[in-house]
Amino acid sequence: MSAVHTSAQGAPVMEYTGTLLHQAEARTKVLDGQGHTVPVLCMDIELDNALHTPMHVEQPFPTASHEQARAAAHRLKRGMRVTVQAPLVSVRLGATASHIHVIPEAQEEAPCQP
């Protein structure tokens with residue numbers, strides 16, 4: 001199931017519930033071209049919907065909080081049911097395409113002549 005809520009800052013937040021497909025993992029994510037990194041908790045869940053859609057979730061931790069990320073990952077085991085909240089602007093869709101159609105660019109119209 002998913003639901004839309006509003007955060008304390010007034011931004012829309014999506015809520016998803018499902019089952020962990022495997023043990024969560026603590027990883028490191030590169031933030032920029034200068035090599036700045038943060039620890040992230042990564043997990044894949046099977047959503048509670050008719051299609052049992054898989055969803056990849058990442059939760060960033062503050063810089064130098066690798067131990068906290070590892071501890072959180074250790075608690076989240078395969079088969080556990082979880083609910084995650086994520087700002088709507090951070091939600092991305094992914095799909096395995098069966099075909100891709102190229103849409104031709106619209107031809108420019110000739111300027112109107114008086």
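The residues of the chain are indexed from 1 along the displayed sequence. All of these numbers come straight from a predicted model, not from anything done at the bench.
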Problem - Check against side-chain contact (heavy atoms from CB on, under 4.5 Å), Leu20 and Val82 - result: CA-CA 7 Å; Leu20 281 167; Val82 296; 4.2 Å; yes
Exercise for the section: Give, for atom CZ of Arg81 and atom CG of Asp48, the distance between the pair rounded to the nearest 0.5 Å. Expected result: 4.0 Å
Handout entry: Any residue meeting side-chain contact (heavy atoms from CB on, under 4.5 Å) with Pro54, in chain and number order, not counting sequence neighbours
Key = Leu21
Exercise for the section: Name all residues meeting the side-chain contact (heavy atoms from CB on, under 4.5 Å) criterion together with Ser98; count only those two or more places apart in sequence or in a different chain, and write none if there are none. Expected result: none
Completion exercise
salt bridge (charged side-chain N to carboxylate O under 4.0 Å, His left out) pairs touching residues 82-94, sequence neighbours excluded, are none
Completion exercise
Looking only at heavy atoms, the pair that brings Thr37 and Thr63 closest together is O-OG1, 3.9 Å
Practice task
List for me each residue that meets side-chain contact (heavy atoms from CB on, under 4.5 Å) alongside Ala24, sequence neighbours excluded, and say none if there are none.
Solution key: Leu41, Met43, Ala73, Leu76
Handout entry: Connected-component partners of Leu51 among ILVMFWY, side-chain separation under 4.5 Å
Key = none
Exercise for the section: Mind checking side chain to side chain donor-acceptor pair (under 3.5 Å) for Thr83 and listing every partner two or more places apart, or none if nothing turns up? Expected result: Thr17
Problem - side-chain hydrogen bond (donor to acceptor under 3.5 Å, both in side chains): pairs with one or both residues in residues 21-33, sequence neighbours excluded - result: His22-Asp44, Glu25-Arg27, Lys29-Glu58, Asp32-His36
Practice task
Flag the pair Cys42 / His56 as yes when at least one side-chain heavy-atom distance between them is below 4.5 Å, and no otherwise.
Solution key: yes
Exercise for the section: Output the rest of the hydrophobic cluster of Val40: all Ile, Leu, Val, Met, Phe, Trp and Tyr residues reachable through side-chain heavy-atom contacts under 4.5 Å, sorted by chain and number. Expected result: Leu31, Val38
Exercise for the section: Can you sort out the partners of Thr53 under side chain to side chain donor-acceptor pair (under 3.5 Å), two or more places apart, ordered by chain and number? Expected result: Asn49
Completion exercise
Residues at least two apart in sequence or cross-chain that pass salt bridge (Lys or Arg N to Asp or Glu O under 4.0 Å) with Glu46, listed by chain then number, are none
Exercise for the section: Name all residues meeting the side-chain contact (heavy atoms from CB on, under 4.5 Å) criterion together with Arg78; count only those two or more places apart in sequence or in a different chain, and write none if there are none. Expected result: none
Handout entry: Pairs satisfying ring pair (Phe, Tyr, Trp, His ring centres under 6.0 Å), at least one member in residues 82-102, at least two apart
Key = His99-His101
